[in-house]
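The structure displayed is predicted, hence computed values, not measured ones. Positions are given from 1, in the same order as the sequence printed here.
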Amino acid sequence: MPKPAAQPRHDLRQQPHATDPPGHGLPSPKEIERDLEQYLSKKYGERVKVMSQILTPQPQRPDEPEAGPATGPGLLRDFALKPEELVAYLDEYVVRQDEAKAILATKICTHFNRLRRALADPKRAGRERGRIKSNVLLIGPTGVGKTFLIKLIADKLGVPFVKGDATKFSETGYVGGDVEDLVRELVERAGGDLEAAQHGIIYIDEIDKIAASRNLIGPDVSRTGVQRALLKPMEETEVDLRVPHDPIAQLEALERYRATGKRERRTVNTRDILFIMSGAFADLDDIIRKRLGSQAIGFASPMRARREQPDLCREVRAEDLHAYGFESEFIGRLPVIAVFDPLSEGDLFVILKNPNSSVVASKKQDFLAYGIRLLFEDEALQELARRAQAEGTGARGLVRVVESVLLPFEKRLPSTDIRFLVASAALVYAPQAQLQALLGDPAVRTGHERRYQELLASQRQELVAFLRERSGPYLESQGLPLSAPRLELMAARCQEDLLDTRAVCDRWLELARAVHDCEPAITERCGMQVVFGEDAVDAILATWPQGPEEIQALVTRLGQAYEYGLRLISHKKGWPRIVIPAAGVTEPAAFINELVDRTFHTQD
């Protein structure tokens, strides 16, 4: 049987076209795909078909810059936050911890303001290479707000933020997480923006758990090994974004190679990344007490021995941390230490009472998901604080006790037509009995609704006072004067939409500016300068427009109502300017008619 004729060998290497520029010899991916499909069709018929594009290098265009880390002022060019401004912001959310807030606000604002100045001037940036980075160590028991405080700061600054747990990491080369993964995650949080990532914040909790074990023989890759692995990132190193165990990073690198024809090494420099560590350091007070006791003489020793842990921790030194199990090189990279106070029962009550309490706001949102409005009486909050204090987990205990009390109501009430719930002290003491009474007695239900309205009015006045005291200086510094009606409107918006006070303030500022931005257009339309008074701005914002677009549409309609009358007045009196009051917004036609009538029927 004769052998079949040999198939002609198909050369996949495409020759340059006559029109190709000199040096061109690489086919495009489409050309390779077409030739490969032709070859496979000849050899295997229709049984094989190419379904995806081959990843092959393409020459880099002359006008295409080589990829690399982003540099320049970028994220920080407009940074101008001052420590006292950041402390005032934190005071709206965080109870006590005045010393810790002052330390963090000062060092973080200084860190980013120095970066802004250095990045704005390349010569200065070169001189600042030798500066010491103000990495921070936070010491305090669980549930005192360490993580919450750092998240607030990161949100306020608008910088990428990553939180890690020190217990999840091991020394590079061993099973476990790699500390450099936090830097890569920072890039992800920055949306791939290397410049933003290089000015982010990495927060590592449970750092006390990587203190060296005194009873271990041999290398400790999960403790001292992690300390050594953190040394370079905490100071300055280049972290490669592409790692062998990350297939996505490998595919991205392959795609960039296909597009540029070059193998890129994308790295993140950690020089300007701020590292913040925190831990409970449960036995650190014993080490400090021992040191102070050995140094004391006479009557000083018994007096110091009776001091509480927070007071002792404020006298922490590098030698105490070294005795705790940290290497000297690691301690040296944490020059700033902030100590948090434990929270008392009164502090926990203040946390719940705060209008910006995330615990209470979250629970209100849970019920509002079913159309049920929830409010808490002060006596109920005091009992919840007492129970949380007994838990011994700080503010974390608040979530558990609130959930345990309100869970039966959250389960049952969505299936009823009840739309108001007041968490009273009686409800906290006997939730099941109160639930049955609410379901079975119409008078109890009516009482809940009446009490809800009374409590709503009372808490609105508390919100007004909070806004005036805590947010007033901020609003006035932004050019938004305060008035009683304005504060009432803002407090009502906080309650209606369950927004925290700073969110309402920022929204009010944004929309008030949008109103004034529309004044030039309405001025041109009406033939005289039109300015909206503050009460008119409030009247516009009382409709709570969703954005500048709605404000522009509303002001356009007002301009149409004003145009004819204002042009008449301008011709008659020659007025150069008019300030629109609130009546000009709520009743524009009546306002302009009265103004025209008064203008033309008043004796000159």
Side-chain angles (χ1 to χ4, degrees), residues 355 368 371 373 456-457 460 463-464 467-468 471-472 474-600:
L368 191 59
R373 292 280 177 172
L456 188 70
R460 181 169 301 175
L463 262 172
V464 168
L467 284 164
R468 182 183 293 109
S471 303
Y474 168 69
L475 290 171
E476 291 179 349
S477 70
Q478 299 296 315
L480 191 68
L482 293 179
S483 63
R486 174 167 287 172
L487 289 171
E488 286 277 353
L489 285 171
M490 296 175 73
R493 189 52 54 192
C494 288
Q495 291 181 314
E496 180 67 21
D497 291 347
L498 300 184
L499 297 172
D500 66 56
T501 55
R502 181 54 69 103
V504 168
C505 289
D506 289 339
R507 188 64 171 161
W508 211 270
L509 283 168
E510 177 191 4
L511 297 178
R513 288 166 182 161
V515 172
H516 292 304
D517 287 343
C518 294
E519 290 172 348
I522 197 172
T523 292
E524 182 179 357
R525 182 183 195 111
C526 296
M528 70 166 66
Q529 185 181 6
V530 177
V531 177
F532 287 97
E534 293 300 327
D535 57 341
V537 172
D538 289 341
I540 292 174
L541 300 190
T543 64
W544 201 239
Q546 296 303 308
E549 297 80 8
E550 289 189 22
I551 286 180
Q552 185 176 8
L554 174 58
V555 172
T556 299
R557 291 195 297 272
L558 292 174
Q560 293 171 348
Y562 301 156
E563 182 177 0
Y564 182 71
L566 291 183
R567 286 191 177 276
L568 285 177
I569 294 171
S570 177
H571 293 319
K572 171 71 175 178
K573 290 286 189 179
W575 289 357
R577 183 174 183 267
I578 184 171
V579 178
I580 305 295
V585 174
T586 56
E587 297 290 341
F591 163 75
I592 200 67
N593 288 337
E594 180 184 353
L595 186 63
V596 170
D597 185 66
R598 190 167 63 247
T599 301
F600 283 90

Check: [Y] and [X] side chains under 4.5 Å, non-hydrogen atoms:
| X | Y | result |
| --- | --- | --- |
| R486 | L480 | yes |
| E496 | R373 | yes |
| D535 | P485 | no |
| V530 | E519 | no |
| E510 | P548 | yes |
| Q529 | P576 | no |
| L554 | I540 | yes |
| L595 | Y562 | no |

Q495 side-chain N/O to L456 backbone N/O, donor-acceptor pair under 3.5 Å:
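Checked: pair present.
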From I580, L558, V585, residue fulfilling side-chain contact (heavy atoms from CB on, under 4.5 Å) relative to F591
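Per the side-chain contact (heavy atoms from CB on, under 4.5 Å) rule, the option paired with F591 is I580, out of I580, L558, V585.
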Kindly give the heavy-atom pair with the smallest separation between I551 and C518, and that separation in Å.
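Closest heavy-atom pair between I551 and C518: CG2-SG, 4.3 Å.
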Check the surroundings of atom CD in Q560: do more than 12 heavy atoms from other residues, nucleotides or ligands lie under 6.0 Å from it?
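Buried by this count: over 12 neighbours within 6.0 Å.
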Give the intermediate values and the outcome of side chain to side chain contact (heavy atoms under 4.5 Å, CB included) for residues L498 and L368.
CA-CA 9 Å; L498 300 184; L368 191 59; 3.5 Å; yes
For side chain to side chain contact (heavy atoms under 4.5 Å, CB included), just list the numbers for S483 and D538, CA-CA rounded to whole Å, side-chain angles, deciding distance to a tenth of an Å, and then say yes or no.
CA-CA 10 Å; S483 63; D538 289 341; 4.1 Å; yes
